[in-house]
There are 2 protein chains.
Amino acid sequence: MRLNDLDERIVHALAEDARRTYADIGSRVGLSAPAVKRRVDRLRATGAITGFTVRVDPAALGWNTEGFIEIYCGRNTSPEVIHRSLDRMPEVVAASTVTGEADAIAQVFAADMRHFEQVLERIAGEPYVERTKSVLVLSPLLRRHSSGAPG
Amino acid sequence: MRLNDLDERIVHALAEDARRTYADIGSRVGLSAPAVKRRVDRLRATGAITGFTVRVDPAALGWNTEGFIEIYCGRNTSPEVIHRSLDRMPEVVAASTVTGEADAIAQVFAADMRHFEQVLERIAGEPYVERTKSVLVLSPLLRRHSSGAPG
DNA sequence: GATGAAAGCTTTCCGTG
DNA sequence: CACGGAAAGCTTTCATC
């Protein structure tokens with residue numbers, strides 16, 4: 001599905017603050033509150049909007065260690081197998097299969113280094129994993145909540 | 001700041017759906033609507049909650065190509081310089097300085113491969129960048145909206 | 001897509017443990 | 001100090017144009 005300009009501006013307004021009222025969004029994009037609601041409902045129904053969430057400071061929740069774990073898999077490992085395995089680990093907040101040497105990359109948040117190591121060992125211990133390579137985050141430089149249309 | 005159990009449950013409820021009403025959250029955590037609002041206000045004031053945002057299907061916004069760009073910098077490149085440079089590129093949705101061979105990793109969303117290449121060239125053209133190495137996402141396996149306390 | 005009315009939510013104030 | 005109840009003011013929602 002492709003969004004039009006009005007939808008994009010609504011999504012942008014929600015990306016900045018998902019708890020804005022429909023009336024507030026409407027005044028920004030030039031629509032009445034019910035018109036905004038109908039579009040948001042439609043964007044949810046079509047899957048363009050997948051939900052609304054809170055942005056938290058990871059440190060405030062006790063997640064002080066972040067890193068990426070590159071996963072090298074055995075032959076014939078399907079994305080589904082990787083998905084099922086990582087989905088069980090709450091510390092893994094994002095994962096993708098990728099091009100290049102590694103087969104997948106997982107983004108991990110842990111309480112501390114000891115906890116990060118446990119996650120690493122748990123991933124390395126999965127039967128389909130041949131080896132891993134991990135990279136720790138030193139300092140987060142920016143974390144945008146993607147909110148616009150591509151150039 | 002450290003959150004208590006009630007705060008964590010409120011954050012968890014908001015992570016699942018940031019547009020839930022205070023009364024709804026209250027009924028889940030056993031508090032009245034005003035009590036939930038007071039806690040959310042405090043979590044925002046202390047910086048534990050940094051905002052509310054919408055979750056979007058990138059493809060619906062026209063971002064069909066995702067990748068990670070590892071950045072290798074010249075000597076004495078400060079994180080601030082990297083931050084200022086990447087912050088100007090809307091395609092860069094997240095970036096961190098990291099341990100390992102590369103100095104920083106940027107997560108990039110682009111409309112298509114051609115667009116991704118343009119972003120890559122723009123990053124590679126920055127004066128502090130010595131070389132880059134990029135990895136394309138084949139399929140996103142999971143993307144969680146971090147929502148709990150560390151084990 | 002706009003409008004208007006009914007239902008529901010948010011926000012504030014105040015009393016209580 | 002934090003919570004719950006109640007009231008005023010908005011927001012959401014639905015029917016209608």
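Lettering of chains follows the sequences in order, A, B, ..., and the numbering in each one begins at 1.
Placement of A/Val92 and A/Val81 within a single hydrophobic cluster is found when ILVMFWY residues are connected by side-chain heavy-atom separations under 4.5 Å, directly or transitively.
Between the CG atom of A/Asp24 and the C1' atom of C/dT10 there is a distance of 15 Å, given to the nearest Å. One atom, CD1 of A/Ile25, and another, C1' of D/dT13, lie 15 Å apart when rounded to the nearest Å. Rounded to whole Å, atom P of D/dT11 lies 13 Å from atom CZ of A/Arg20. Counting to the nearest Å, the P atom of D/dC3 and the CG atom of B/Asp41 are 13 Å from each other. Atom CG in A/Leu6 sits roughly 7 Å away from atom P in C/dG1 (whole-Å rounding). Remark: C1' of D/dT12 and CZ of A/Phe52 are 14 Å apart, rounded to the nearest angstrom. Summarising the geometry, the separation between OH on A/Tyr22 and C1' on C/dA7 is reported as 16 Å, rounded to the nearest angstrom. A/Ile10 has its CD1 atom 8 Å from the P atom of C/dG1, to the nearest Å.
In summary, the side chains of B/His12 and B/Glu16 do present a donor paired with an acceptor at a separation below 3.5 Å, with no hydrogens or angles considered.
Residue B/Ser32 has its side chain nearest to D/dG4 when only C/dG4, D/dG4, C/dT10 are considered. Side-chain atoms of B/Lys37 lie closest to C/dT11 of the nucleotides D/dC14, D/dT12, C/dT11. Closest approach to the A/Arg39 side chain among C/dG1, C/dG4, D/dC3 is made by C/dG1 (side chain taken as heavy atoms from C-beta onward).
Residue B/Arg38 places a side-chain atom within donor-acceptor reach of the base of D/dG4, judged by atom type and a 3.5 Å distance cut-off alone.
At the heavy-atom level, A/Thr21 lies under 4.0 Å from the strands shown only through sugar-phosphate atoms.
Shown here is B/Glu121, whose CD atom has more than 12 heavy atoms of other residues, nucleotides or ligands within 6.0 Å.
Seen from the ring of A/Tyr128, A/Arg84 does not count as a face-on cation partner, given the 6.0 Å and 45° thresholds.
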